[in-house]
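Chain identifiers are assigned alphabetically (A, B, ...) following the order of the sequence lines, protein sequences preceding nucleic acid strands; residue numbering begins at 1 within each chain.
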Amino acid sequence: MKRLLVLVLVLAMAAFIFGEKVTIIANAIKGGKNTQVVDWFEKYIPEIEKELGIDIELIQTGIRDEDFKARIVLDIKGGGGADILWIDGFWVPEFVEAGYLRPIDDILAEIPAWKYYYDSMKAMGSYKGKTYLIPASTDVRMIYYNKELFKKAGIPIPWQPRSWEDIIKTARIIKEKLPGVIPIQLNAGTEMGEATTMQGFFMVLLGAGGNLYDWETGKWIIKSSALRDTLNFYKRIYVDEKLGDAALQVSAGAREKTFELFRQEKIAMYVEGTWFYTSVLNPNNPSWGFPDRDERIGWAAMPGRGKPGDPEFVSISGGTGFAVNINCKNPKLVAEVLKRLLYIEPQLSYFEMKPFVSPRSDLADSCWTVNKDKFIAETSRALVKYTTFRPAFPVYPEISFQAQLLTERVVTGQMSVDKAIEEFAKEVTRIVGKENVIEKP
Amino acid sequence: MPALFGVDRVRKSLMGKKVVVLLLIPALALIFIFLILPGLWVLKIGMTNETLTGAKARNPDFVGFENYAKVLSDRFFYNALRVTLLFVLGSAIVGQAGLGLSLALLTYRKRKLRSFVQSVVILAWIIPEVVVAYLWIAFLDKDYGTLNMLLSVLGLRKVNWFYEYPLPTIITFNIWRGTAYSMLLFSAALETIPPSYLETADVIGVSAWRKFKDIIFPNIKSYILTDLILITLWTFNVFTPYLLTGGGPSFRTELLSIYIYRTAFRYFKLGYGASIATIALLINFALAMFYLSLSRRKKA
């Protein structure tokens with residue numbers, strides 16, 4: 001009897017060690033950040049495990065994006081890491097240059113759904129002629145507002161600002177009528193990381209007709225009137241008129257703190273992406289969700305600066321997706337798992353749990369899920385035509401950090417706008433070299 | 001150095017030189033693998049432009065002392081150095097050693113009081129760091145912190161401690177956290193003073209200050225130096241304030257250790273981070289040398 005037990009134990013351990021296994025890592029944790037992603041995996045993983053006769057492990061994290069990135073990088077550099085990496089699309093170039101991702105063109109040949117992906121989305125996942133990422137979803141950016149607070153302050157809704165001046169005027173009314181409420185959250189500073197660059201800095205800069213990168217000459221823009229106006233807009237909000245909370249921007253865990261304050265209805269306007277509405281504020285999010293989100297939270301397109309020739313509205317898009325670790329031992333199995341995750345049924349379910357702009361036409365055309373979500377349908381229709389992508393070159397994260405630093409120095413009053421731009425120009429020039437920078441009028 | 005004499009005697013009587021060397025090999029091997037090798041590796045990385053992502057992750061170039069030149073003109077480095085020096089001065093030298101000595105003296109020859117104070121102080125020392133960090137955030141938070149609740153009950157203004165007084169906050173935190181060690185060391189040192197010295201002084205009616213200056217201080221001088229060496233080096237390399245402030249707001253609590261971490265593991269500049277680490281190592285080395293030379297001079 002004893003001997004039999006030992007034998008069974010040994011066999012079980014052997015099965016555990018030698019049994020085939022696919023691991024997936026995502027920056028999601030049950031009950032917290034991207035909780036819907038975990039729910040979705042839990043719904044579909046058991047089926048796939050049974051069908052393929054393998055183990056699939058989901059590694060949950062739910063941490064700051066920068067820390068998630070560091071974890072993945074260190075895992076891979078150390079020779080390990082999960083097989084399937086659910087990562088941000090703009091990390092692809094620097095990861096590929098470092099040799100961390102496996103080209104997946106052979107895997108894609110096994111995945112029937114690949115033909116439905118939009119070309120722009122395929123482009124986000126490819127680098128130097130090879131494909132590395134299957135986009136999971138994409139997004140747009142806008143300005144959210146709390147309708148209850150607006151009503152209390154006597155601001156008519158629906159609200160749609162036409163210029164930066166309109167935003168300032170509205171913020172002033174809120175400051176005057178609702179003491180204790182932060183009128184606007186426009187991300188600034190290095191603590192918020194990429195969320196500052198994408199949700200804050202770019203949304204303002206694009207509205208003045210500016211950019212960080214000049215696509216015509218292929219050079220990084222170190223000085224422009226658009227950049228100066230962008231920082232002056234930040235300065236007006238955080239320093240001159242105190243319509244936002246500068247201390248909050250640079251405090252530890254700033255981003256989560258702003259989510260919390262928005263949930264407590266202590267922030268009236270917040271410039272953010274699709275994710276904010278469909279994941280953070282989603283009624284199914286136990287941390288920050290609003291049960292009556294659809295009635296309580298409104299959105300408006302982010303207006304341009306308001307000078308002649310400026311864009312009417314702006315948006316910028318990013319997206320996440322599935323990449324495959326270079327250390328992956330069993331790409332065939334990974335292909336089988338991905339193929340099943342990308343079947344239409346699980347995908348429709350995913351977009352139901354966490355509505356997003358779909359990267360593929362078969363989902364977008366399906367009249368019963370993606371378009372059923374009013375928010376996604378409306379924001380896509382209104383904003384996709386204005387949206388653009390960030391210059392995701394391998395050097396981009398360094399430039400992005402300099403942009404975050406730029407806003408931090410201005411909103412905390414450490415430097416004047418001119419001085420901060422001088423520093424920015426100097427640092428960017430040092431990073432990419434004199435021949436790769438340009439000054440614009 | 002009595003310990004060395006002991007070894008000397010053993011060597012003469014029991015074993016030959018070879019045996020001693022043989023016995024030392026395991027220890028030396030461990031030191032080599034876990035201390036010297038990583039140290040050399042950091043030196044090597046510090047002379048490259050290696051990064052964690054991008055092309056330089058795969059093919060880093062040897063850049064010699066370029067990183068070091070860059071560090072010396074890096075405003076974040078000087079900021080971190082300044083913050084670290086203030087932190088060491090405030091929390092280790094003045095705070096932990098000063099407070100530890102005061103507590104030891106106050107409870108000297110008062111057994112009950114001493115065991116009570118020691119238990120309380122040691123409690124702060126033995127709680128895991130993450131728990132401690134959480135407790136301090138709960139205590140100092142701007143909106144929900146216990147301290148601000150108390151202040152507002154008293155009708156005072158709520159203070160955003162981490163924003164308005166970031167450096168004093170982490171200094172206070174570290175004094176609270178680490179005083180136990182100094183206090184224990186000084187309490188033990190005080191026990192070594194023969195009671196008759198102080199009893200005689202009591203009979204003559206000497207003032208407290210004279211007792212400290214002429215009896216206590218000369219007797220515990222070498223312990224004070226040991227304490228200063230250890231806590232200076234520990235505090236110089238401490239990382240826990242990161243859990244409270246993340247180095248912010250706006251780098252105002254960015255200790256050298258946090259700056260190295262940020263450079264290497266948040267912005268992925270491994271080579272550059274390693275060169276800053278090497279400089280930090282040299283500073284540690286210089287500090288240790290300084291203290292050792294003090295203790296030698298005292299003995300001579």
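- Across B:Pro166, B:Gly247, B:Pro249, B:Gly246, the residue that shares the most heavy-atom pairs under 4.5 angstrom with chain A is B:Pro249.
- For A:Leu405, the part lying under 4.5 angstrom from a heavy atom of chain B is the side chain only.
- The number of heavy atoms from other shown groups lying within 6.0 Å of CZ (B:Phe239) is above 12.
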Donor and acceptor N/O pairs, chain B versus chain A, under 3.5 angstrom:
residue	atom	partner	partner atom	Å
B:Glu50	OE2	A:Lys77	NZ	3.1
B:Leu52	O	A:Tyr100	OH	2.5
B:Thr53	OG1	A:Glu94	OE1	2.6
B:Gly54	N	A:Glu94	O	2.7
B:Gly54	O	A:Ala98	N	3.4
B:Arg58	NE	A:Glu97	O	3.3
B:Arg58	NH2	A:Val96	O	3.4
B:Arg58	NH2	A:Glu97	O	3.2
B:Arg75	NH2	A:Glu423	OE1	3.1
B:Arg75	NH2	A:Glu423	OE2	2.9
B:Tyr144	OH	A:Gln264	OE1	3.1
B:Tyr144	OH	A:Gln264	NE2	2.7
B:Tyr242	OH	A:Arg64	NH2	3.3
B:Ser250	OG	A:Glu408	OE2	2.4
B:Ser250	OG	A:Gln414	NE2	2.4
B:Arg266	NH2	A:Thr190	O	3.4

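- Neither the backbone nor the side chain of B:Ile137 comes within contact range of chain A; no heavy atom of the residue lies under 4.5 Å from a heavy atom of that chain.
- In this structure, the portion of A:Leu74 lying under 4.5 Å from any heavy atom of chain B is its side chain and not its backbone.
- Contact of A:Val96 with chain B is made through the backbone alone, with heavy-atom distances under 4.5 Å.
- The shortest heavy-atom contact between A:Ala98 and B:Ala57 is CB-CB, 3.5 Å.
- Taking the ring-ring contact (aromatic ring centres under 6.0 Å, His included) definition, one finds that B:Phe268 meets it with nothing, sequence neighbours left out.
- Between chain B and the options A:Gly189, A:Ala247, A:Pro397, A:Pro394, heavy-atom pairs under 4.5 Å are most frequent for A:Ala247.
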